[in-house]
Amino acid sequence: MLPAEFYFTYDTLTLSQKLLGCELVHDSAEGITAGIIVETEGYLVGDPACHAYRNKTKRNAPMFGVPGNIYVYQIYGMYLCVNISSGGEGVGEAVLIRALQPTQGQELMQERRSRHKSASGKVLKEKDLCNGPAKLVQAMGITKLHNNFLVYNSEIYCNEPILADVEIVTTTRIGITQGADLPYRFYVKGNRFVSRK
DNA sequence: TTCCGGATTACCT
DNA sequence: GGTAATCCGGAAA
């Protein structure tokens with residue numbers, strides 16, 4: 001497992017890139033699910049798209065926790081996304097996890113994902129399990145209860161890189177209007193589990 | 001207290 | 001490629 005120091009060592013944009021290739025694991029009561037992080041975005045101080053841009057609130061408080069603190073928020077009334085706090089304690093920055101390449105518990109991922117979908121019962125292709133921030137939250141069984149869990153000291157944690165020396169593509173973030181030109185999105189080049197090229 | 005719009009997804013054509 | 005679904009947080013009044 002990656003130690004606490006890993007999250008303290010790097011600034012937010014560097015950490016966003018360092019996390020690519022690492023395995024995110026959730027050891028839950030239902031079973032273990034895991035996947036390699038293949039896509040991330042950084043949200044920084046002074047960045048208008050960052051939830052902590054204006055000030056600290058009840059919702060964004062987990063972003064101000066120690067690096068490695070988990071921040072889960074609801075979006076569009078029906079989805080959740082997960083972030084890892086970064087940039088130092090008391091600094092409102094975080095890394096958004098946007099896509100995973102499944103490595104463990106794909107069956108459980110299927111079940112959790114179909115639980116959320118409307119009663120179509122269709123079996124998803126493996127690449128559709130975790131190729132989006134809200135999708136991977138469903139597949140991994142992450143909820144708001146995981147707010148303020150530490151990613152190096154809880155049932156959710158990161159392992160050392162599985163993909164080594166990956167080639168990283170740097171581009172603009174998805175789904176935002178403020179700060180849309182900032183190159184704060186990173187993904188593993190050529191990986192088919194990325195949400196968008 | 002009211003109002004607005006969002007770090008998305010699934011399903012349709 | 002277009003759009004409905006769906007509701008909470010935060011800003012303004």
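First the proteins, then the strands, lettered A, B, ... as listed; each starts at 1. Since the model is a prediction, treat every value here as computed from it, not as a measurement.
Look at A/Tyr76 and the base of B/dG6; the rings do not stack under the cut-offs of 5.5 Å between centres and 30° between planes.
Looking at heavy-atom distances under 4.0 Å, A/Glu41 makes no contact with the nucleic acid at all. No engagement by A/Arg173 is indicated, since no non-hydrogen atom pair under 4.0 Å with the nucleic acid exists.
The residue from A/Ile162, A/Leu163, A/Val169 that alone fulfils the side-chain contact (heavy atoms from CB on, under 4.5 Å) condition with A/Val166 is A/Leu163.
Rounding to whole angstrom units, OH of residue A/Tyr53 and P of B/dA7 are separated by 14 Å.
Of the two residues contacting DNA chain B, namely A/Arg113 and A/Cys50, the nearest-nucleotide position lying further toward the 5' end is that of A/Cys50. Residues A/His51 and A/Met78 each lie close to DNA chain C; by heavy-atom proximity, the contact nearer the 5' end of the strand is made by A/Met78. Taking for each of A/Ile75 and A/Ala134 the nucleotide of DNA chain B with the nearest heavy atom, the 5'-most of the two is the partner of A/Ile75.
Other residues, nucleotides and ligands place no more than 12 heavy atoms under 6.0 Å from the NZ atom of A/Lys125.
Across all strands shown, C/dA12 forms a Watson-Crick or G-U wobble pair with B/dT1, both key distances being under 3.5 Å.
For C/dG10, the OP1/OP2 oxygens have a side-chain nitrogen or oxygen of A/Arg59 closer than 4.0 Å.
Nucleotides C/dT3 and B/dG5 place their C1' atoms 16 Å apart, quoted to the nearest Å.
A salt bridge links A/Glu30 with A/Arg112: the distance from a Lys NZ or Arg NE/NH1/NH2 to an Asp or Glu carboxylate oxygen falls below 4.0 Å.
In summary, the aromatic rings of A/His51 and A/Tyr43 are positioned with their centroids too far apart to meet the 6.0 Å limit.
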